[in-house]
Every structure is written in structure tokens, then in C-alpha cells.
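Bear in mind the structure is a predicted one, so any value in this text is a computation, not a measurement. We use all heavy atoms of the structure for the numbers below, so side chains are in, but hydrogens, waters and symmetry mates are not.
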Amino acid sequence: MLFSKMFIPTLREAPADAEAISHILMLRAGYVRQLAAGLYMYLPLGWRVINKINAILKEEMDAINGQEISLPILHPAEIWQQTGRWDAIRDEMFRLKDRTGRDMCLGMTHEEIMTWLASREIRSYRDMPQVWYQIQTKLRDEARPKSGILRTREFLMKDSYSFDTSEEALDKNYQLHAEAYHKIFKRCGLTFMMVESDPGMMGGGVSHEFMAPSPAGEDEVALCDKCGYSANVELALSTPSQIETKSWEKEEIHTPEKRTVKEVSNFLKLTPEYFIKSILVISDNGPVLALVRGDQELHEKNLSKVIGNHRPAQKIEVKEILGVEAGFIGPIGHQLRIVADTCLREGAYVCGANKPHYHIRGIKAEEDFAAEWHNIHIARARDFCVKCGNALKVERVIEIGNIFKLGTKYSSALKALYLDENGQEKPIIMGSYGIGPARIAAAAIEQNHDKDGIIWPKSIAPFDVEILPLNMKDTVTIEAAEKLYRELSKKGLDVLMDDRDERAGVKFKDADLIGIPLQIIIGEKNLKEGLVEIKNRKTKEIVKRPLEEARFSV
RNA sequence: CGGGGCGUAGCGCAGUCCGGUAGCGCACACGGUUCGGGACCGUGGGGUCGAAGGUUCAAAUCCUUUCGCCCCGACCA
């Protein structure tokens with residue numbers, strides 16, 4: 001491909017509204033342009049990258065007997081109504097009506113449609129297993145699109161679905177997908193890990209996420225180097241640091257105007273670990289007091305597992321229910337349901353006295369209050385692994401893929417049933433598995449760049465090699481460049497040649513920005529000795545090779 | 001949806017407080033000189049100042065409304 005014939009609008013300066021590195025570099029290097037919030041267009045270079053990634057996805061999906069199909073993105077509402085998601089999902093679904101007034105929506109994902117197809121076509125246990133996949137556009141009216149192509153309202157997703165007759169068979173397809181995903185991300189040159197995740201509203205039991213470490217990520221995972229425990233902090237468990245039990249006599253202390261843990265701990269010259277943080281929430285069954293240690297944050301999702309739906313109490317509610325403002329509430333002196341973090345079972349603490357401007361020192365669990373004990377704190381770095389006791393790390397990550405065991409949630413709702421060996425009618429057992437190609441591209445840039453631009457992993461670079469003939473007015477240079485271009489193309493390589501009549505500096509800058517892994521620089525002086533330079537974009541190493549042999553070095 | 005910021009030429013910005021001929025750099029076009037890390041000189045084209053309404057002799061600037069984009073948070077099937 002000739003640079004002069006390709007649309008590569010590079011930018012010297014990044015548009016002001018780009019923040020994430022991958023976003024800035026993709027704009028500057030001419031890979032993408034933004035149409036509106038969360039809507040991006042892929043320009044020739046960007047689309048080549050996506051297609052390279054898609055090719056890898058297809059190879060690895062085919063290798064586990066996945067079959068590529070293509071489903072509509074415009075869906076009739078009825079199918080989503082049958083699984084209950086039409087109502088369960090609120091503003092995030094794009095909805096519309098067709099000309100006859102029929103409710104429709106744009107697909108956020110394709111469990112419903114895939115299952116609908118299976119319900120029509122799979123009748124016997126003999127028809128399974130099946131793994132169907134597509135690389136298809138999804139639409140979600142995101143509350144907050146952000147970070148360039150990392151979180152958009154319209155995006156491509158490789159989504160596959162497995163249909164099986166037993167949990168064991170599902171396990172096998174799940175495992176095959178996990179292995180395929182490892183291969184895919186490895187081939188794409190990413191640093192990544194597989195972690196336990198919260199299935200959320202996908203339903204079903206087990207799920208894992210594939211995470212690429214990057215400061216640009218939106219998720220955090222807790223990791224144990226020793227035993228390999230790794231989980232999204234949304235569900236990670238941890239053992240907090242132990243603290244020495246103080247031998248306090250129980251007493252009320254006057255703490256005027258000291259409301260937060262920070263204020264009271266400063267006032268009493270105690271570290272926050274010696275406090276109980278009391279949080280009043282309103283559940284569907286009335287108010288509940290949640291307790292965590294002063295240095296911890298309440299884990300909403302874990303609390304939900306214990307008490308179901310809940311929301312924080314408003315200030316007025318706190319006063320109505322406990323008779324005192326939020327800064328001075330505690331677990332004693334009332335009959336509220338109490339759910340406390342397990343670590344509070346041991347030790348003596350300071351907590352609110354349920355009396356204005358007073359706290360109590362020397363509170364002990366069981367002696368002074370009764371509670372239901374659960375792990376309801378958010379795991380933090382330097383907490384300890386619940387499995388092996390080693391110190392945990394917490395890392396910021398980009399979610400690049402996920403796998404879910406769906407079970408029969410969708411097949412039951414949509415009557416995707418089959419007859420087993422005994423003529424019994426049973427729901428198909430399903431799994432669903434997603435990967436975002438654009439996120440792979442963005443994560444690759446986040447993990448591989450320098451001050452000059454992108455450094456693509458070879459496997460997903462838009463081209464394998466870029467030839468830079470420095471002086472386009474020199475016929476010897478041009479001839480050498482064209483010869484090399486033909487030779488490399490003949491080898492089956494994707495070659496970009498910067499044939500523009502630009503100064504050398506411009507070509508160097510653009511080449512580094514665009515990030516093709518190898519550059520072959522053809523300069524007049526070297527060429528007089530029959531030499532060209534081969535430059536590694538990542539290491540910046542340059543080796544000189546005879547023109548005649550250059551093709552063997554690529 | 002809550003909090004914050006920003007909309008002036010393709011991009012980056014100044015001008016807005018304190019109303020008075022719309023500017024700078026880059027990019028673009030033409031001419032010349034240059035030519036291995038985003039060249040230099042000269043000339044030139046390009047803007048309903050996000051939009052609507054209002055105040056005023058006069059609005060990029062003041063007031064009201066509205067739209068868009070970004071960031072933090074909530075949310076994230």
C-alpha cells in the first residue's frame with residue numbers, strides 16, 4: 001500500500017477532549033475519528049487493525065468448533081419481554097417503534113436472539129453440542145461513554161454461545177472458551193489475566209473476566225502472587241490486617257462536632273482501624289445497620305447478597321430511625337438488624353454512641369451488640385488472601401473479554417427445549433462468551449507505546465513493515481524502494497511505503513506515531529554503499545543491511 | 001442522573017472579568033530557498049464566535065434558555 005494513496009490523517013496535536021493514551025494516539029495517528037459521544041468511525045489504518053484482530057478471533061473460535069453466523073441488530077421487543085430483560089433493563093437499551101407501531105430495540109447483546117434460534121432448530125440431544133458465534137455490532141445507550149474507543153455506545157463484539165445437554169458438557173465448552181481466550185489474547189500481544197467475576201444480570205452462576213492491566217482501565221482486580229487467587233474487586237474476598245486488642249474500659253467520650261472517622265480518629269489520636277463505621281441502609285424489608293472497620297469501605301454488592309436490594313438512608317431517615325444525626329450512630333441501644341464485617345468480631349472499638357456529640361470507647365462484639373457476620377468490606381491492596389494468607393495486590397485493568405455459564409435462564413424463558421435419550425423434554429444448557437475487538441486494540445496501545453507513538457504487537461499491526469524512501473526526488477532511492485516493496489509483498493507481507501514527497505523528519509515522525517513494528521529506511525548515503533537501515537520500532541535499534549538481503553531480515 | 005470544565009478557522013489556543021473593525025501558532029494554497037527527526041521567507045484563502053431569545057447606539061464579551069463535548073462520581077446485562 002502506498003502512503004500517498006491511503007487516507008492517514010495524522011495530527012501533530014491531539015484534540016483537547018482526548019484523555020486516555022490510546023484515545024490520543026489513535027486520533028493523532030489517524031486510526032479513528034469521533035462522530036458523537038461514544039460513536040467512532042474507524043479510518044483505513046484503524047479498520048485494518050480491527051480486521052487483524054477479528055481474523056485471530058475467527059481462527060481461534062473455529063478451532064474449538066465455533067460456527068460463525070450473523071444475527072440482526074434490530075430486534076422485536078417480544079423476545080426481550082419473554083426473558084424479562086425488556087423491563088429489567090432501563091435506559092441503557094435503545095428502543096424504537098417500527099412503522100406499524102411495533103416495539104423494537106437495538107441489540108445490546110444477543111442471548112435472546114441466539115436462544116430464539118436454538119429454540120426453533122435444536123430438538124434432540126443429538127443436535128448438540130453447538131457453538132455459534134458472530135462478530136457483530138452492539139448498541140448500548142451508555143450513561144457515560146468515555147476513554148475513546150474503550151467505552152462506546154456502539155461497538156463490535158465477538159459473542160459466542162454454547163448449547164449443551166448437561167452441566168458437564170457446559171463445563172467443557174466453558175473450559176474450551178477459556179483456553180481459546182488465552183490463545184487469542186496471547187496472540188494479540190497483550191498482558192492479561194483471567195479473574196473471577198460477578199455474573200450480574202446475565203444470570204447464571206460462574207463467570208470469569210479477562211483483564212488487561214492498564215491505568216486506563218475501569219475495573220480493579222485483587223491478586224495474590226502466591227496462590228494465584230484473582231478476582232474482580234466487585235466480589236473479591238480478603239482478610240484485613242489484624243490489630244492489637246486494646247484493653248479499654250467501656251466509656252462514653254465527648255466528641256464535639258466530630259462526625260467522620262477521620263475527625264474522630266484525629267481527635268482521639270487513634271488510627272482508623274480502631275473505629276466501627278456504621279452505615280444505615282434501607283432494604284426492601286426495612287432499615288439495616290451495616291458495620292465495617294473504620295479503615296474499610298462497605299462492599300455494596302456483598303451486602304446485597306445478605307440483605308437484598310438496598311439504598312443508603314437519607315440524612316432525615318437516619319435521624320427518624322436512630323434519633324441522632326449520621327455522625328454519631330452506632331450498633332448499640334436499638335433493635336435494628338445489624339450486618340457486620342467479620343473482622344469486627346475480634347477486638348475493642350470506638351463507635352458512635354447514638355447520642356449527639358458522643359462516641360463510646362471499648363465496644364466489643366457479642367458483649368455489647370449482636371450482629372450477622374459477613375464479609376462486607378471491599379478488598380484493598382495489603383489486605384490478605386483468604387486462601388493462603390499472602391498479601392494481596394490490587395491492579396487497575398481493562399476488561400477485554402468475559403465468559404458466563406448461563407445455565408437455563410434463557411432457554412427456559414424462550415422454551416429452547418430438547419428431547420433427551422429418554423424422550424424427556426429439557427431446557428438447553430447455555431454459556432455465553434464475549435470479546436471486544438476495539439478494547440483489544442486500545443489495551444494493546446495502552447500497554448505498548450512510548451512518547452513518539454504506538455508500538456503495535458506484530459500480530460495486530462495494520463502493516464508488517466513500513467518502507468521509508470527518504471528522498472523521493474532521487475531515482476536510485478525510488479528504484480530501491482520499489483524493488484524492496486515488490487519483494488516483501490511477494491513474501492505475503494503487508495507493506496506500507498511512504499512514497500510522499502515529504503521531508504525525512506515528517507516521515508520518521510509519522511512512522512513512529514503510526515507504530516508499524518518494523519521500518520526500512522532507504523537513504524541516499526547508505527544506498528551508495530548498497531545499504532538500507534532496518535529499524536525496530538520498539539527498541540529503536542537500527543541495523544544496516546545490504547539492499548539485496550533486506551528482504552531476508554523481515 | 002449528581003458535581004466540575006469547555007464550545008472562537010481543519011487542529012491547538014488568546015480575546016469574555018471591564019461591550020466598540022475577530023486574532024495567534026500549526027495545517028491548507030501559490031512562489032522561492034531548503035532536504036536524515038514534524039524546515040525557512042513571502043503572499044493568500046478560510047470564522048453565522050455551538051444555537052435561540054433578550055439588554056444596548058453597538059454583543060464573542062452582559063442576561064435568559066437551550067444543544068453539544070470532556071472529566072469525576074453513580075450506573076455498566
For N526(A), which contact category applies under a 4.0 Å heavy-atom criterion: base, sugar-phosphate, or nothing?
base
Distance below 4.0 Å between K146(A) side-chain N/O and C72(B) OP1 or OP2:
yes
Please determine which of N448(A), D452(A), D450(A) meets the side chain to side chain donor-acceptor pair (under 3.5 Å) test together with R537(A).
D450(A)
Report the C-alpha distance between K544(A) and E533(A) in whole Å, list the side-chain angles of each, state the deciding distance to 0.1 Å, and finish with yes or no for salt bridge (Lys or Arg N to Asp or Glu O under 4.0 Å).
CA-CA 4 Å; K544(A) 292 188 185 180; E533(A) 291 166 299; 5.1 Å; no
Spacing of L11(A) atom CG relative to C11(B) atom P, expressed in whole Å:
9 Å
First of A37(A) and D501(A) reached from the 5' end of RNA chain B, by closest nucleotide:
D501(A)
Please work out if E502(A) contacts a base, only the sugar-phosphate, or nothing of the nucleic acid, heavy-atom cut-off 4.0 Å.
nothing
Touch check for A16(A), heavy atoms < 4.0 angstrom, all strands: base, sugar-phosphate only, or nothing?
sugar-phosphate
Nucleotide of G37(B), C69(B), A74(B) approaching K535(A) most closely (side-chain heavy atoms):
G37(B)
Can you check the distance between C11(B) and C6(B), where both ends of the measurement are the C1' atom (answer in whole Å)?
16 Å
Partner nucleotide of C18(B) by Watson-Crick or wobble geometry (both distances under 3.5 Å):
none
Distance between P atoms of A60(B) and G20(B) (Å, rounded):
9 Å
Out of G38(B), C75(B), G36(B), whichever nucleotide has its closest atom nearest the side chain of L470(A):
G36(B)
Under 3.5 Å for both donor-acceptor distances, Watson-Crick or wobble: does G12(B) have a partner, and if so which one?
C24(B)
With respect to the side chain of V506(A), which nucleotide from C75(B), C69(B), G38(B) is positioned closest?
G38(B)
Mind checking D91(A) for me? I need base, sugar-phosphate or nothing, with any heavy atom below 4.0 Å counting as a touch.
nothing
At under 4.0 Å, does any side-chain N or O of R12(A) touch on OP1 or OP2 of A27(B)?
yes
Would you please indicate if the ring centroids of F210(A) and F185(A) are separated by under 6.0 Å?
yes
Hunt down the Watson-Crick or G-U wobble partner of G73(B), both distances under 3.5 Å, from any strand shown, or write none.
C1(B)
Counting any heavy atom closer than 4.0 Å, what does S147(A) reach on the DNA or RNA strands: base, sugar-phosphate only, or nothing?
sugar-phosphate
Which whole number of Å gives the distance between the P atom of C49(B) and that of U8(B)?
11 Å
So E533(A), base contact, sugar-phosphate only, or nothing? Heavy-atom distance under 4.0 Å.
base
Do you know the tightest heavy-atom contact between E196(A) and L235(A)?
O-CD2, 3.4 Å
P spacing across the pair A9(B) / U64(B), given as an integer number of angstrom
25 Å
Side-chain donor-acceptor contact under 3.5 Å, E209(A) with N232(A)
yes
What contact category does R153(A) fall into here, base, sugar-phosphate, or nothing, at under 4.0 angstrom with non-hydrogen atoms?
nothing
P-based separation of A59(B) from G50(B) [nearest Å]
15 Å
What nucleic acid atoms does K138(A) come within less than 4.0 Å of, heavy atoms only: base, sugar-phosphate, or nothing?
nothing
Atom P, compared across U56(B) and A74(B): separation rounded to whole Å
48 Å
First of T10(A) and H23(A) reached from the 5' end of RNA chain B, by closest nucleotide:
T10(A)
The side chain of E19(A) is closest to which nucleotide in this list: G25(B), C69(B), C71(B)?
C71(B)
Is the distance from the ring center of Y31(A) to that of W456(A) below 6.0 Å?
yes
Looking at H75(A) and P72(A), would you say the former's side chain and the latter's main chain have a donor-acceptor pair under 3.5 Å?
yes
Measure from NZ on K507(A) to P on C35(B) and round the result to the nearest Å.
16 Å
Quote, to the nearest angstrom, the P distance that separates G12(B) from G2(B).
28 Å
Measure from CD1 on I24(A) to P on C69(B) and round the result to the nearest Å.
19 Å
Pair partner, A59(B) [Watson-Crick or wobble, under 3.5 Å]
none
Counting any heavy atom closer than 4.0 Å, what does A18(A) reach on the DNA or RNA strands: base, sugar-phosphate only, or nothing?
nothing
Base-pairing mate for C49(B) - Watson-Crick or G-U, with both contacts under 3.5 Å:
none
Taking the P atom of each, how far is A27(B) from C40(B), in whole Å?
8 Å
Would you say a side-chain N or O of R503(A) is under 4.0 Å from OP1 or OP2 of A39(B)?
yes
Using a cut-off of 4.0 Å on non-hydrogen atoms, how would the nucleic acid contact of N471(A) be classed: base, sugar-phosphate, or nothing?
nothing
Applying the Watson-Crick and G-U wobble criteria at under 3.5 Å, what pairs with G42(B)? Answer none if nothing qualifies.
C30(B)
side-chain contact (heavy atoms from CB on, under 4.5 Å) between L414(A) and T83(A): does it pass, once the steps are laid out?
CA-CA 7 Å; L414(A) 290 163; T83(A) 61; 3.8 Å; yes
Within the structure, does a side-chain N or O atom of R144(A) lie under 4.0 Å from either OP1 or OP2 of A74(B)?
no
